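Worksheet: the structure to be examined is printed underneath.
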Amino acid sequence: NFKRIQKELDSIGLESVVLDGEILGSTFDDVMNVAQRKFGKDDKDLRYVVFDIMDLKQFGNNVCDDTLVQRLDDLTIIESIYKRIKVIRSKYLANEEELIKYFNMAIEDGYEGLVVKKPSGLYTYKRSEEWIKVKSALTVDGKIVDYYEGKGKHKCRLGGFIVKFKTCDLLRYFPDR
């Protein structure tokens with residue numbers, strides 16, 4: 001679905017690595033319409049933002065022996081000549097004042113926030129103290145534990161999700177309301 005992005009990734013010539021990143025568009029719906037092949041959309045207005053790199057074999061085994069500093073050094077092999085691939089360059093911040101300034105710049109540039117990482121940290125495959133997300137909006141993670149069919153005009157369609165959160169029991173999510 002992301003043919004233009006894939007073409008640029010292939011042209012880099014990297015083998016046996018995982019590039020950790022996100023595909024971004026003007027809106028989340030823009031990305032999802034391409035991912036789900038809706039409305040004849042293609043990826044011409046999307047970009048792949050890369051923020052980490054690791055060895056494929058290590059990634060497959062859920063281990064990473066390289067520190068963030070080492071991985072960022074490896075990431076410099078991707079040049080800034082690509083239209084759809086952007087490597088997010090990390091910045092060392094000395095104090096909270098610098099963090100707030102850099103965070104505000106990220107928000108102004110259209111990002112939803114920052115991920116603060118320890119320079120000596122290893123790549124983690126789950127939430128940990130090695131990485132902390134800093135966002136301007138409150139978000140909550142939950143696990144979808146069930147779904148149900150829609151009713152009435154939404155019969156034979158997804159009615160909603162039942163989501164379990166760490167902070168409360170269950171919540172029903174209704175996509176069409």
Side-chain angles (χ1 to χ4, degrees), residues 1-38 40-95 98-99 101-137 139-144 166:
N1 297 357
F2 303 103
K3 291 177 182 171
R4 288 180 171 93
I5 293 171
Q6 185 63 54
K7 184 176 180 180
E8 283 192 11
L9 286 169
D10 292 343
S11 74
I12 295 172
L14 295 175
E15 292 184 23
S16 302
V17 297
V18 173
L19 296 176
D20 190 2
E22 293 182 298
I23 294 178
L24 300 177
S26 296
T27 66
F28 178 73
D29 285 342
D30 289 344
V31 176
M32 293 309 298
N33 286 337
V34 174
Q36 297 171 356
R37 295 186 171 139
K38 286 187 176 178
K41 297 283 185 177
D42 66 17
D43 66 343
K44 69 182 173 75
D45 297 322
L46 304 182
R47 65 186 190 276
Y48 185 49
V49 178
V50 179
F51 39 80
D52 212 330
I53 187 171
M54 71 222 64
D55 177 83
L56 178 61
K57 190 178 233 180
Q58 288 185 17
F59 182 80
N61 293 324
N62 282 355
V63 298
C64 181
D65 299 327
D66 299 331
T67 66
L68 176 63
V69 172
Q70 292 167 314
R71 295 191 319 274
L72 293 177
D73 188 50
D74 291 344
L75 202 51
T76 61
I77 61 174
I78 300 177
E79 300 175 31
S80 298
I81 60 171
Y82 300 98
K83 182 177 181 182
R84 292 177 177 79
I85 299 171
K86 179 178 181 181
V87 175
I88 297 295
R89 300 294 175 202
S90 293
K91 181 172 180 63
Y92 291 97
L93 304 172
N95 54 47
E98 284 187 18
L99 174 65
K101 181 180 176 184
Y102 198 63
F103 171 78
N104 289 333
M105 287 171 40
I107 298 301
E108 288 174 17
D109 288 344
Y111 296 98
E112 63 182 29
L114 300 175
V115 176
V116 180
K117 301 179 181 183
K118 292 180 183 177
S120 61
L122 302 178
Y123 189 90
T124 57
Y125 298 86
K126 59 183 179 181
R127 293 204 184 269
S128 76
E129 292 182 9
E130 301 291 321
W131 301 6
I132 299 171
K133 288 184 181 180
V134 181
K135 292 184 175 185
S136 62
T139 60
V140 179
D141 291 331
K143 179 179 180 182
I144 297 174
K166 289 180 181 178

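Since the structure is predicted, the reported quantities are computational estimates derived from the model, not experimental observations.
Scored by the side chain to side chain contact (heavy atoms under 4.5 Å, CB included) test, Lys133 finds Val115, Arg127, Lys135 as partners (sequence neighbours excluded). Not counting sequence neighbours, the partners of Lys86 by the side-chain hydrogen bond (donor to acceptor under 3.5 Å, both in side chains) test are Tyr111. Applying the side chain to side chain contact (heavy atoms under 4.5 Å, CB included) criterion to Leu99, with sequence neighbours excluded, gives Leu93, Leu114, Val116. Residues that satisfy the side chain to side chain contact (heavy atoms under 4.5 Å, CB included) test with Thr67, not counting sequence neighbours, are Val69, Gln70, Leu122. Contacts of Asp10 classified as side chain to side chain contact (heavy atoms under 4.5 Å, CB included), with partners at least two apart in sequence or in another chain: Gln6. In this structure, Phe103 has no ring-ring contact (aromatic ring centres under 6.0 Å, His included) partners at least two apart in sequence or on a different chain.
Taken from CG in Asn104 to CG in Asp109, the straight-line distance is 11.0 Å, to the nearest 0.5 Å. Note that OH of Tyr123 is 9.5 Å distant from CG of Asn62, once rounded to the nearest 0.5 Å. Taken to the nearest 0.5 Å, the CD atom of Gln58 stands 11.5 Å off from the OG atom of Ser16.
At least one donor-acceptor pair closer than 3.5 Å links the side chain of Glu8 to the backbone N or O of Arg84. In terms of modelled atom types and a separation under 3.5 Å, the side chain of Asp55 and the main chain of Lys57 share a donor-acceptor contact.
Pairs engaging residues 16-36 under the salt bridge (Lys or Arg N to Asp or Glu O under 4.0 Å) rule: none recorded [sequence neighbours left out]. Applying the salt bridge (Lys or Arg N to Asp or Glu O under 4.0 Å) test to every pair with at least one member in residues 60-78, sequence neighbours left out, gives these pairs: Asp52-Arg71.
Minimum interatomic distance between Ile12 and Ile78 (heavy atoms only, all atoms of both residues): CD1-CG2, 4.1 Å. Closest approach of Ala106 to Gly113, counting heavy atoms only: CB-O, 4.2 Å.
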Ignoring hydrogens and angles, write down the donor-acceptor pairs under 3.5 Å from the side chains of residues 44-51, residues two or more places apart or on other chains.
from, atom 1, to, atom 2, distance (Å)
Tyr48, OH, Leu19, O, 2.6
Tyr48, OH, Gly21, N, 3.4

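Put simply, the residue from Lys3, Lys7, Arg4 that forms a salt bridge (charged side-chain N to carboxylate O under 4.0 Å, His left out) with Asp43 is Arg4.
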Practice task
Please step through side chain to side chain contact (heavy atoms under 4.5 Å, CB included) for the pair Ile5 and Leu9, ending with a clear verdict.
Solution key: CA-CA 6 Å; Ile5 293 171; Leu9 286 169; 4.0 Å; yes

